[in-house]
Amino acid sequence: MPDMSIQNELLSFSNQELTDLVTRLGHPGFRARQVAEAIFRQRRDSLVGVSNLPLALKSQIAEEGLSVGFPRIHQKFTSTDGTVRYLMGFADGESVETVWMPEGDFGEAGDGTEAGQEELAQLASDEKRTHTGKKTRSRATICVSSQVGCAVNCQFCLTALLGVKRNLTPGEIVGQVLAVLRDHDVNLQRERMNIVFMGMGEPFLNYENFMKAVRLLVEEVGFPESRMTVSTSGIVPRIGDFGKEPVRPKLAISLNAPNDAIRERIMPITRKWNVQMLLDAARQFPLRPRELLTFEYVLLDGVNDAPEHAREVARRAAGIQCKVNLIAFNPGPGVNYAMPAHSRVREFQSILVGAGLPTFIRRPRGRDIYAACGQLKRTVS
Ligand code: SAH
Ligand code: SF4
């Protein structure tokens with residue numbers, strides 16, 4: 001797979017790298033802070049209008065072939081529920097999708113962090129009052145892509161149909177967040193934002209770039225690590241590496257099946273790392289105080305949604321500090337599964353809850369615009 005080892009966008013530069021750049025160009029180190037402030041905090045897509053930077057530095061940076069590297073928003077689709085799906089384009093013509101979900105989808109409910117508490121509170125209040133449809137801006141979740149397409153080939157996922165084109169650079173991952181924050185004019189000091197790395201691609205197959213993007217989001221953009229969650233289809237060795245990171249998002253693992261027989265059929269990657277290896281990695285994962293690991297479980301009608309499957313999951317996950325997010329299958333063209341009845345989803349949930357596993361049902365967001373889990377495939381019309 002072609003990899004972009006030379007990164008031409010300033011959004012991929014750490015503060016140290018920016019400092020090296022400006023000093024190599026003959027300018028004092030403090031200019032690096034100003035460049036970082038302009039691109040990561042003020043969300044400028046060009047240095048041209050940044051008045052506190054000397055013209056000479058700006059033209060030298062341009063002569064180096066470097067640009068800020070903001071993605072272009074090619075298209076925007078807005079759902080009746082307020083969710084927005086963006087088609088974001090990069091310099092080489094490739095594109096990915098990024099999703100803005102006002103009030104989130106309850107994916108973080110009860111995960112042991114403040115973001116999880118907020119979702120629990122909202123779940124409780126939603127159950128009390130009928131939904132007004134009123135848009136609030138107090139809280140939102142941004143769903144970010146990590147690769148152009150995906151190589152993992154899960155049979156229920158639309159992104160899989162694209163195959164993988166290439167990895168995103170750190171700046172392309174950070175750029176998606178900044179472009180969405182800018183489009184919604186978000187003030188990070190006042191509004192509570194969450195990031196989920198659950199868009200197109202397998203983040204742990206683009207591990208270095210993904211982790212660098214995380215560090216840039218924490219150090220330069222100012223996102224707390226406790227407000228980010230990464231989901232992996234189960235790249236077991238990377239789960240081990242991820243546990244050793246000093247700064248890291250929360251971890252979600254797409255389990256999706258109780259055993260190898262079912263998981264191999266829907267997630268061929270199971271032949272490389274089976275359910276037992278995945279559960280062992282989860283069991284050994286070092287969690288922070290109060291943190292819970294999340295298992296994602298897509299319910300496919302008649303495939304993995306039977307009561308006995310729930311009991312098997314509960315048995316095998318016993319003793320792991322975890323919660324479960326159930327996602328009813330989101331349909332799309334080219335994918336031959338069906339959504340289970342809501343009663344079946346509820347039954348699955350109550351079996352897990354009865355076995356002592358906190359279990360939540362993710363609410364689908366933006367299904368009408370193909371923005372829900374597994375639906376990202378650059379659907380233009
Ligand atoms: N590649 C990573 C992250 C992106 S997918 C991963 O697979 O974990 C985010 C979640 O959407 C995963 O839990 C995946 O299992 C789920 N998903 C994929 N296709 C889906 C579909 N059609 N309906 C519902 N969920 C789906
Ligand atoms: Fe890739 Fe995740 Fe889709 Fe599987 S579910 S194909 S890992 S994006």
Side-chain angles (χ1 to χ4, degrees), residues 1 96-99 101 105-108 141-165 167-168 173 176 195-207 210 228-236 238-239 242 249-257 262-273 278 281-282 293-301 303-305 322-340 345 348 360-367 370-379:
M1 181 171 48
V96 296
E97 296 184 337
T98 312
V99 180
M101 296 178 281
D105 66 353
F106 300 148
E108 283 148 315
T141 298
I142 302 171
C143 178
V144 179
S145 293
S146 55
Q147 297 182 301
V148 181
C150 187
V152 179
N153 201 22
C154 304
Q155 300 296 296
F156 45 79
C157 173
L158 266 79
T159 307
L161 301 173
L162 298 168
V164 67
K165 281 282 204 32
N167 283 333
L168 295 186
I173 298 172
Q176 293 170 66
I195 294 177
V196 294
F197 298 96
M198 299 190 187
M200 301 166 83
E202 169 48 60
F204 284 5
L205 290 180
N206 184 18
Y207 187 78
F210 156 70
M228 301 183 203
T229 305
V230 62
S231 177
T232 179
S233 57
I235 313 298
V236 167
R238 291 288 88 77
I239 293 175
F242 186 63
K250 296 172 283 186
L251 177 64
I253 295 177
S254 298
L255 182 61
N256 295 345
I262 297 177
R263 201 170 189 271
E264 271 176 22
R265 267 199 288 144
I266 60 177
M267 298 180 74
I269 195 168
T270 308
R271 282 185 223 115
K272 195 150 182 190
W273 295 288
L278 198 53
L293 185 145
T294 297
F295 285 115
E296 309 278 353
Y297 197 103
V298 186
L299 289 163
L300 309 167
D301 188 44
V303 176
N304 63 354
D305 64 339
C322 67
K323 54 160 289 202
V324 178
N325 280 343
L326 299 176
I327 316 172
F329 171 69
N330 294 306
V335 177
N336 290 319
Y337 290 98
M339 201 179 0
V345 178
F348 204 95
F360 300 85
I361 300 173
R362 288 260 292 264
R363 60 172 170 178
R365 304 301 314 270
R367 249 187 202 155
Y370 283 98
C373 294
Q375 291 189 314
L376 302 186
K377 200 201 159 212
R378 286 174 285 155
T379 319

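One is the number of the first residue; the rest follow in order along the sequence. All ligand and atom numbering here is 1-based and tracks the order in the structure.
Atom 16 (C) of ligand 1 has its closest protein heavy atom at Val298 CG2, 3.7 Å. Protein heavy atom in closest approach to atom 15 (O) of ligand 1: Asn256 ND2, 3.1 Å. What sits closest to atom 3 (C) of ligand 1 on the protein, heavy atoms only, is Ser231 O, 3.4 Å. Distance from atom 4 (Fe) of ligand 2 to its nearest protein heavy atom, with residue and atom name: Cys154 SG, 2.4 Å. Scanning the protein heavy atoms around atom 26 (C) of ligand 1, the nearest turns out to be Cys373 O, 3.6 Å. Here the heavy atom of the protein found nearest to atom 12 (C) of ligand 1 is Ser254 OG, 3.2 Å. Looking from atom 19 (N) of ligand 1 to the surrounding protein, the closest heavy atom is Gly374 CA, 3.1 Å. Considering only non-hydrogen protein atoms, atom 1 (Fe) of ligand 2 sits nearest to Cys150 SG, 2.3 Å.
Using a 4.0 Å cut-off to heavy atoms of Thr232, the atoms of ligand 1 that qualify are 6 (C), 8 (O). For ligand 1, the atoms closer than 4.0 angstrom to any heavy atom of Glu296 are 13 (O). The atoms of ligand 1 that sit less than 4.0 Å from any heavy atom of Gly199 are 4 (C). Heavy-atom proximity to Ser233, at under 4.0 Å, picks out these atoms of ligand 2: 7 (S). Heavy-atom contacts of Gly201 reach the following atoms of ligand 1: 1 (N), 2 (C), 3 (C) (cutoff under 4.0 Å). Which parts of ligand 2 touch Ala160 is read off a 4.0 Å heavy-atom cut-off, strictly below it: atoms 6 (S). Which parts of ligand 1 touch Ser233 is read off a 4.0 Å heavy-atom cut-off, strictly below it: atoms 6 (C), 7 (O), 8 (O). Close contacts between ligand 1 and Ile327 involve ligand atoms 24 (C), 25 (N) [criterion: under 4.0 Å to a heavy atom]. Of all the atoms in ligand 2, the ones that sit under 4.0 Å from a non-hydrogen atom of Gly201 are 8 (S). Each of the atoms 18 (C), 19 (N) of ligand 1 lies under 4.0 Å from some heavy atom of Cys157. For ligand 1, the atoms lying closer than 4.0 Å to a non-hydrogen atom of Glu202 are 1 (N), 2 (C).
In summary, the aromatic rings of Phe197 and Phe210 are positioned with their centroids under 6.0 Å apart.
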Trace of the side chain to side chain contact (heavy atoms under 4.5 Å, CB included) decision for Ile173 with Asn206: CA-CA 11 Å; Ile173 298 172; Asn206 184 18; 4.2 Å; yes
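Side-chain contact check for Thr232 versus Leu251: some heavy-atom pair is nearer than 4.5 Å. For the pair Val298 and Tyr337, the minimum side-chain heavy-atom distance is 4.5 Å or more. Annotation: side chain of Glu108 is in contact with side chain of Thr141 (closest heavy-atom distance under 4.5 Å). In this structure, the side chains of Pro249 and Thr229 stay at 4.5 Å or more apart for every pair of heavy atoms.
Residues Glu202 and Ser146 bring no donor and acceptor atom of their side chains to less than 3.5 Å of each other.
Residues Met198 and Ser231 come closest through the heavy atom pair CG-CB, 3.6 Å. Across all non-hydrogen atoms, the minimal contact from Phe329 to Arg367 is O-NH2, 3.7 Å. For the residue pair Val345 and Pro340, the shortest heavy atom distance occurs at CG2-CG, 4.0 Å. The two residues Ala281 and Ile239 make their nearest non-hydrogen contact at CB-CG2, 4.1 Å. Heavy atoms only, all atoms of each residue included: Ile327 and Glu296 are closest at CD1-OE1, 3.5 Å.
If you check each of Met267, Met198, Gln155 against atom 9 (C) of ligand 1, the one with the closest non-hydrogen atom is Met198.
Note on ring orientation: taking the six-membered ring where Trp is involved, the planes of Phe242 and Phe204 are tilted (angle from 30° to 60°).
At a cut-off of 2.8 Å, Cys157 is not counted among the residues with an N, O or S atom near atom 1 (Fe) of ligand 2.
Residue-to-ligand polar distances place Phe156 within reach of ligand 1: an N/O pair is separated by less than 3.5 Å.
Under 4.0 angstrom from ligand 1, the non-hydrogen atoms of Asn330 come from both its backbone and its side chain.
The CE atom of Met339 sits 11.5 Å away from atom CG of Leu300, with the distance rounded to the nearest 0.5 Å.
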